[in-house]
**Q** 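Take a look at the following structure, please.
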Amino acid sequence: MTRKPRTDARDNRAGIVAAAHAVFAATAPDAPVREIATHAGVAPATVYRHFPTRAALLDAVLSDRVASCEADLRSATSDPDPWRALSATIRHFAARQIADRALNEALFAAPGAAYADARRTHAAALAMLVDRARSSGAVRPDLTVHDVRSALLAIASLRTLPPPAANTTITRVTNLLLSGMRTPKNALPAALDVSYRHS
């Protein structure tokens, strides 16, 4: 293959994965391949050439999603501000529950062995972020990584709400949880989403 065909093939593959991510997240992992091909601007045969099975395409999308989470965590662990690093990690997680609504079901249902190394890496990074925030005095002295994991599970459970209620509720609950993690002197009312109103 010449350089251009190789580049075209690589670009096609990346475009297909991005399109599948968007379609799976908005609808479901069993969305028609024709819909993904249309979204990517390629023929269905091109999708099958890169991904012979739907399972292979879903695995590529989930792997891309996990890699994105790892990049966010690397960025957080290198952030010199402990609170900003921890809160950004939690906010990124919450944002994905909204943006990747249907895809999250597939990710959470993936066999434990599928992403075991990534999950261990994520867990270690989260523990480090919590320890660092606690040591700096940015969060309550009794806050544990188990508390933060429980908060993430609470946020994730809200993704089943119908939109736009899920968006509003996840944002509100995330802000409340973050406010509750901070030490009293750092817990500011401005951390809450003041645009939220009870219906």
Side-chain angles (χ1 to χ4, degrees), residues 9-33 35-36 39-40 47-79 84-133 143-161 163 166-167 170 173-174 177-178 181:
R10 186 171 60 248
D11 290 347
N12 276 343
R13 187 183 191 283
I16 291 166
V17 172
H21 186 154
V23 172
F24 288 161
T27 56
D30 61 353
V33 169
E35 183 178 350
I36 294 167
H39 197 89
V47 176
Y48 285 117
R49 187 163 60 249
H50 288 277
F51 302 99
T53 66
R54 182 186 301 279
L57 179 55
L58 178 59
D59 183 62
V61 171
L62 293 181
S63 295
D64 189 64
R65 171 77 152 66
V66 169
S68 177
C69 291
E70 290 177 346
D72 284 345
L73 282 168
R74 282 196 300 273
S75 177
T77 54
S78 64
D79 190 329
R84 185 172 60 204
L86 178 61
S87 61
T89 297
I90 295 171
R91 290 190 187 282
H92 286 159
F93 177 87
R96 286 193 175 98
Q97 304 314 301
I98 297 170
D100 292 347
R101 180 182 175 87
L103 187 58
N104 282 320
E105 298 300 329
L107 186 59
F108 276 83
Y115 301 104
D117 289 343
R119 285 170 173 152
R120 282 192 291 269
T121 299
H122 293 182
L126 182 63
M128 189 272 278
L129 292 173
V130 174
D131 288 344
R132 194 169 59 134
L143 185 74
T144 67
V145 69
H146 177 73
D147 295 330
V148 175
R149 286 200 197 99
S150 296
L152 296 179
L153 287 173
I155 293 168
S157 71
L158 299 171
R159 70 178 180 270
T160 59
L161 292 173
N167 189 331
I170 287 174
V173 169
T174 299
L177 288 169
L178 286 171
M181 291 177 191

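We number each residue from 1, following the sequence as shown.
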**Q** Checking Thr77 now: which residues fulfil side chain to side chain contact (heavy atoms under 4.5 Å, CB included) with it, not counting sequence neighbours?
**A**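 Partners of Thr77 under the side chain to side chain contact (heavy atoms under 4.5 Å, CB included) test: Ala125, Met128, Leu129.
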
**Q** Pair Ile90, Leu177 - check side chain to side chain contact (heavy atoms under 4.5 Å, CB included), show working.
**A** CA-CA 10 Å; Ile90 295 171; Leu177 288 169; over 6 Å; no

**Q** Tell me every residue that passes salt bridge (charged side-chain N to carboxylate O under 4.0 Å, His left out) with Asp131, counting only those two or more places apart in sequence or in another chain.
**A**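 Residues passing salt bridge (charged side-chain N to carboxylate O under 4.0 Å, His left out) with Asp131: Arg134.
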
**Q** Using the side chain to side chain contact (heavy atoms under 4.5 Å, CB included) criterion, which residues pair with Asn12? Sequence neighbours excluded.
**A**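 Residues passing side chain to side chain contact (heavy atoms under 4.5 Å, CB included) with Asn12: Val42, Thr46, His50.
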
**Q** Ignoring hydrogens, what is the shortest heavy-atom contact between Arg54 and Pro32? Give both atom names and the distance.
**A**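 Heavy atoms of Arg54 and Pro32 come nearest at NH2-CA, 4.3 Å.
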
**Q** Apply the test side chain to side chain contact (heavy atoms under 4.5 Å, CB included) to residues Glu35 and Thr27: give CA-CA distance (whole Å), side-chain angles for both, the deciding distance (0.1 Å), then the verdict.
**A** CA-CA 11 Å; Glu35 183 178 350; Thr27 56; 4.3 Å; yes

**Q** How many angstroms lie between NE2 in His92 and OG in Ser75, if you round to the nearest 0.5 Å?
**A**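 The distance works out to 7.5 Å.
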
**Q** Enumerate the salt bridge (charged side-chain N to carboxylate O under 4.0 Å, His left out) contacts for residues 58-71, please, sequence neighbours excluded, ordered by first and then second residue.
**A**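 Of all non-adjacent pairs touching residues 58-71, those that pass salt bridge (charged side-chain N to carboxylate O under 4.0 Å, His left out) are Arg65-Asp100.
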
**Q** Side chains of His122 and Val66: closer than 4.5 Å at any heavy-atom pair?
**A**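 Yes, close enough: below the 4.5 Å cut-off.
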
**Q** As a quick check of understanding, evaluate side chain to side chain contact (heavy atoms under 4.5 Å, CB included) for Arg91 and Leu178, giving each step before the final call.
**A** CA-CA 9 Å; Arg91 290 190 187 282; Leu178 286 171; 3.4 Å; yes

**Q** Heavy atoms only: give me the nearest Ala76-Ala85 pair and the separation to one decimal.
**A**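 Result for this residue pair: O-CB, 3.2 Å.
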
**Q** Find out whether Leu126 and Val148 are in side-chain contact, i.e. whether some heavy atom of one side chain is under 4.5 Å from a heavy atom of the other.
**A**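 When only atoms from C-beta onward are counted, Val148 and Leu126 do touch, with a gap below 4.5 Å.
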
**Q** State which residues pass salt bridge (charged side-chain N to carboxylate O under 4.0 Å, His left out) with Arg84; sequence neighbours excluded, sorted by chain then number.
**A**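 Arg84 satisfies salt bridge (charged side-chain N to carboxylate O under 4.0 Å, His left out) with Asp79 only.
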
**Q** Within the 4.5 Å heavy-atom criterion, are Phe51 and Arg13 side-chain neighbours or not?
**A**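 When only atoms from C-beta onward are counted, Arg13 and Phe51 do touch, with a gap below 4.5 Å.
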
**Q** If you define the side chain from C-beta out and look only at heavy atoms, does anything of Leu103 sit under 4.5 Å from Leu62?
**A**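 Answer yes - side chains close enough.
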
**Q** In chain order, what residues pass the side chain to side chain donor-acceptor pair (under 3.5 Å) check against Thr144, with sequence neighbours excluded?
**A**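 Thr144 satisfies side chain to side chain donor-acceptor pair (under 3.5 Å) with Asp147 only.
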
**Q** Please identify each residue that fulfils side chain to side chain contact (heavy atoms under 4.5 Å, CB included) with Ala156, with sequence neighbours left out.
**A**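 Ala156 satisfies side chain to side chain contact (heavy atoms under 4.5 Å, CB included) with Phe93, Gln97, Phe108, Arg159 once adjacent residues are dropped.
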
**Q** On a heavy-atom basis, which atom in Leu143 and which in Met181 lie closest, and how many Å separate them?
**A**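 Reported closest heavy-atom pair: CD1-CG, 4.0 Å.
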
**Q** Partners of Arg96 by side chain to side chain donor-acceptor pair (under 3.5 Å), sequence neighbours excluded?
**A**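 Arg96 satisfies side chain to side chain donor-acceptor pair (under 3.5 Å) with Ser68, Asp72 only.
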
**Q** Which heavy atom of Ala31 sits nearest to which heavy atom of Ile36, and what is that distance?
**A**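 The answer is O-CD1, 4.4 Å.
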
**Q** Are any of the side-chain heavy atoms of Phe24 and Leu57 separated by less than 4.5 Å?
**A**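 Yes, their side chains come closer than 4.5 Å.
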
**Q** So, for Ala25 and Ala99, which heavy atoms are closest and what is the spacing to 0.1 Å?
**A**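 Heavy atoms only, the tightest pair is CB-O, 3.6 Å.
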
**Q** Can you see which heavy atom on Ala127 is nearest to which on Val145, and at what distance?
**A**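 Nearest heavy atoms, Ala127 then Val145: CA-CG2, 3.7 Å.
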
**Q** Please list, chain by chain and in numerical order, all residues satisfying side chain to side chain contact (heavy atoms under 4.5 Å, CB included) with Ile98, sequence neighbours excluded.
**A**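 For Ile98, the residues satisfying side chain to side chain contact (heavy atoms under 4.5 Å, CB included) (neighbours in sequence not counted) are Asn167, Ile170, Thr171.
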
